[in-house]
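Data first, discussion second: the structure below is written as structure tokens.
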Amino acid sequence: MRSRSLLFVALATAGIVLGSGLATAQAPAPAPARPAALSDNLPIPDAPAPATSKAWLVMDYATGQVLAGENIDTPVEPASITKVMTSYVIAAEMAAGKVKPTDQVMMTERAWREGGAGTDGSYSGFEVNQAAPLVEMEKGMVVQSGNDAAIALAEHVAGSEQAFAQLMNAYAKKIGMKASHFGNPHGLTAEGHVTTAHDLALLGRALIRDFPEAYSYNKIKEFTVGPITQPNRNLLLWRDPSVDGIKTGHTSSAGYCLMASAKRGDQRLITVVMGDTSENQRAVDSQALLNWGFRFYESHQLYAANKSLATPKVWKGDADTVQVGVAQPLLVSTPRGKYDRLKASMELPKSLVAPIAKGQKLGTVKVALDGKVVAEAPLVALQGVEEGGFFKRLWHALLMWWAE
């Protein structure tokens, strides 16, 4: 991601501190990232929509912006993409110290009967009533899409599939997945077991961001358990070296599904294709969406975290001003060649009165492209301001009254 600095015009002190309500300051557009090309003024062509899928989208990983999509909030069956949620729960529980990668996970008879080789679904090949290290069992679930491994892991982490599903739904809510409900750890068809393309993209983004080691298992091309070696079903791992995940899925009712992610340079994209017609078609459609996204969009960091963007006046404080900025980097995805058309503004109260706590939200910064807001973030105090002495507070109270 290329870092650019959008510098705010200095705010006139009176414009901030007098009157009531909010004061808005406009920032100039940044300098062009490169000389304008002839194609920069052309409209972006439509994304190559998969012709047969039930839902699809392209998301920029850095910003979480959906660049294109159809039916992104329509409930669909996730099939084995469910196992990305299972991976997230395991990684989160591991980070909390509740399980360890060296734990011995038993392939129980129940896991073997309901998800093993004797079923219609994919399986890992671990022997019934035999234990394997958790990290190996997880790779059997991720690479081979083993339903038996998913059940065994769920039983180990939470005691039962039902208890594990409760963890899945709790973590899904924490991630921000608003329309998902999980009933099992493997994704075989079950009543009420649904999600959306948008929720799945948020999940993929969260796994990459929060647990990169667990995410890295998704790029393993094949995995061997005993005498059985099985390939990863994500065909893009062989076709595009920039692709490093994420997960396939298929049932007769869900169709062929693929959540893919690729990184080219500093930019990463996530695509979701749900309900396609074949293993190859989901790969072809996902590849086309990735190529479109990388060709026509780029990511920028507009503001670094904890860097001062303005120093508005403070009344009744032991300091006369306070530095404000963003607590997290402010990122934006823009059509290529449109970066210099961004317009930034910030809104701050016209009167800031001490005490002000460090990290306290004081206003908002917004970034617009062609009049449409494409990113915004809270403006927070970068340091605290305590109340001033008695006489200063009294004098400022008089000045504030007079200014009104």
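Throughout, residue positions are numbered sequentially from 1 according to the sequence presented. Source: prediction; values computed, not measured.
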Would you sort out whether Q144 and S122 count as a side chain to side chain donor-acceptor pair (under 3.5 Å), showing the intermediate values?
-> CA-CA 7 Å; Q144 300 170 325; S122 52; over 6 Å; no
Under the side chain to side chain donor-acceptor pair (under 3.5 Å) rule, what do R233 and S145 come out as? Steps first, then yes or no, please.
-> CA-CA 8 Å; R233 291 169 174 79; S145 199; 5.2 Å; no
For salt bridge (charged side-chain N to carboxylate O under 4.0 Å, His left out), just list the numbers for D320 and K392, CA-CA rounded to whole Å, side-chain angles, deciding distance to a tenth of an Å, and then say yes or no.
-> CA-CA 11 Å; D320 293 328; K392 185 172 186 179; 2.7 Å; yes
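Under the rule for a ring-ring contact (aromatic ring centres under 6.0 Å, His included), the partners of Y256 that lie at least two apart in sequence or sit in another chain are H250.
Among pairs with a residue in residues 211-240, those fulfilling ring-ring contact (aromatic ring centres under 6.0 Å, His included) read Y88-F211, at least two apart in sequence or across chains. Residue pairs meeting the side chain to side chain donor-acceptor pair (under 3.5 Å) criterion with at least one member in residues 284-294, sequence neighbours excluded, are D240-Q287, R264-N291, Q281-D285, Q287-N291. Note on residues 90-100: pairs passing side chain to side chain donor-acceptor pair (under 3.5 Å), not counting sequence neighbours, are E93-Y171, K100-D103.
Enclosure of atom CG in N129 by more than 12 non-hydrogen atoms of other residues, nucleotides or ligands within 6.0 angstrom is indicated.
Salt bridge status for E298 with K338: absent, with no side-chain N to carboxylate O gap under 4.0 Å. The pair D210-R205 does not meet the salt-bridge criterion, since no charged nitrogen lies less than 4.0 angstrom from a carboxylate oxygen.
Residues S53 and D276 have side chains that never bring a donor and an acceptor to within less than 3.5 angstrom of each other. A donor atom on one side chain and an acceptor atom on the other are found under 3.5 Å apart for T189 and E77.
With L57 as reference, I72 is the one residue of N71, T196, I72 to meet the side-chain contact (heavy atoms from CB on, under 4.5 Å) rule. Just one residue in the list K83, K219, M259 forms a side-chain contact (heavy atoms from CB on, under 4.5 Å) with I246, and that residue is M259.
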Run the side-chain donor-acceptor check on residues 173-181: report pairs under 3.5 Å with partners two or more places apart or on a different chain.
{"residue": "S180", "atom": "OG", "partner": "T195", "partner atom": "OG1", "Å": "2.5"}
{"residue": "S180", "atom": "OG", "partner": "D199", "partner atom": "OD2", "Å": "2.7"}
{"residue": "H181", "atom": "ND1", "partner": "G192", "partner atom": "O", "Å": "3.2"}

Please set out all donor-acceptor pairs under 3.5 angstrom arising from side-chain atoms of residues 367-389, sequence neighbours excluded.
{"residue": "D370", "atom": "OD1", "partner": "R341", "partner atom": "NE", "Å": "3.4"}
{"residue": "D370", "atom": "OD1", "partner": "R341", "partner atom": "NH2", "Å": "2.9"}
{"residue": "D370", "atom": "OD2", "partner": "R341", "partner atom": "NH2", "Å": "3.0"}

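To the nearest 0.5 Å, the span separating CG on L67 from CG on L269 amounts to 6.5 Å.
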